[in-house]
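Quick notes on the structure that follows.
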Amino acid sequence: MRIILVGPPGAGKGTQAKLLSQYLHVPQLCTGDMLRSAVEADTPVGRLVKGIMAAGTLVSDEVIVTIVSGRLKDEDCQGGFILDGFPRTVEQAIALHDMLRQEQQKIDFVIELQVNEDLLINRIRARASQAQAAGNSVRTDDNQETLKQRLLEYHGKLLSVLEYYKAQHLLTTIDGMQSISAVTDKIRDIVKYA
Ligand code: AMP
């Protein structure tokens, strides 16, 4: 089962992707986490994307497509995956389609979590203060200014990605403002029709 989870920062994508990954026994591929690990490990890619991520803008399609296509070739991805944070542009969506087509594979579902912006801002604030309280480092992009930039990027580019998948009848939109378990139930309802 190959699934894309889509939603603005703070929509609960990461939480749901993790739960769905455990439920379906397929890996969760979170491009934000992959990039953060590269930054932490101070790899050449990490050095390239550090400033871009801190500013809340998008890493180039070329860089992210190279990372994702490498990861999709791994053995554990052959039975399926949950993509979280990718594709973010139509170019990335087309590149993903081409990668999968080479392996006679395709995306089964694109699930969008819809959440209003005030709630998002509160959630991101809570994530930053929880991390601080737990003594963990706060994500450099979890602050008001960067969040605005990330939401702008989201609305600017992702709408066309959603249109792209809608045209292919792959898109299902669910209300991401319900409880975590209610959202999980909705997602499971969608994927059980595979
Ligand atoms: P996220 O954790 O998904 O909010 O991603 C954090 C940051 O990583 C984003 O603000 C971007 O700078 C970068 N990023 C993650 N995924 C992508 C992607 N598919 N395309 C471009 N940039 C990305």
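Counting starts at 1 for both ligands and their atoms, in listed order. Keep in mind that this is a model prediction, so the values were computed, not measured. Hydrogens, waters and symmetry mates play no part in the numbers below; they use all other heavy atoms, side chains included. Here, residue 1 is the first one in the sequence, and each next residue gets the next number.
Panel note: side chain D108, backbone I3; no donor-acceptor pair is recorded below 3.5 Å. A donor-acceptor contact shorter than 3.5 Å links the side chain of R47 to the backbone of D42.
We find that R36 and D33 are joined by a salt bridge, their nearest charged nitrogen and carboxylate oxygen being less than 4.0 Å apart. A salt bridge links R71 with D74: the closest approach of a Lys/Arg side-chain nitrogen to an acidic carboxylate oxygen falls below 4.0 angstrom.
Of the N and O atoms on the side chains of S21 and Q28, not one donor lies less than 3.5 Å from an acceptor on the other residue. For T184 and Q16, the side-chain atoms include at least one donor-acceptor pair closer than 3.5 Å. Using modelled atom types, one finds a donor on one side chain and an acceptor on the other under 3.5 Å when comparing K186 with Q178.
Atom numbering of ligand 1 starts at 1 in the shown order; those under 4.0 Å from a heavy atom of F86 are 19 (N). For ligand 1 and Q92, the ligand atoms under 4.0 Å from any heavy atom of the residue are 18 (C), 19 (N), 20 (N), 21 (C).
For a threshold of 3.5 Å applied to N or O pairs, the pair formed by V59 and ligand 1 contains at least one separation below that value. Close N/O approach between T31 and ligand 1 is found [any backbone or side-chain N/O within under 3.5 Å]. Below 3.5 Å of separation, one finds no N or O of P87 facing any N or O of ligand 1.
The shortest contact between atom 9 (C) of ligand 1 and any protein heavy atom is with R88 NH2, 3.5 Å. Nearest protein neighbour of atom 4 (O) of ligand 1, counting heavy atoms only, is R150 NH2, 3.2 Å. Regarding atom 23 (C) of ligand 1, its nearest protein heavy-atom neighbour is L35 CD1, 4.0 Å. Of the protein's non-hydrogen atoms, the one nearest atom 8 (O) of ligand 1 is M53 CE, 3.4 Å.
Taking 4.5 Å as the limit, some side-chain heavy atom of L83 sits within range of a side-chain heavy atom of L96.
Among A54, G85, G56, the residue whose heavy atom sits closest to atom 19 (N) of ligand 1 is G85.
Assignment of R36 to the shell around ligand 1 is supported, since a heavy atom sits closer than 4.0 Å.
Heavy atoms of T57 found under 4.0 angstrom from ligand 1 belong exclusively to the backbone.
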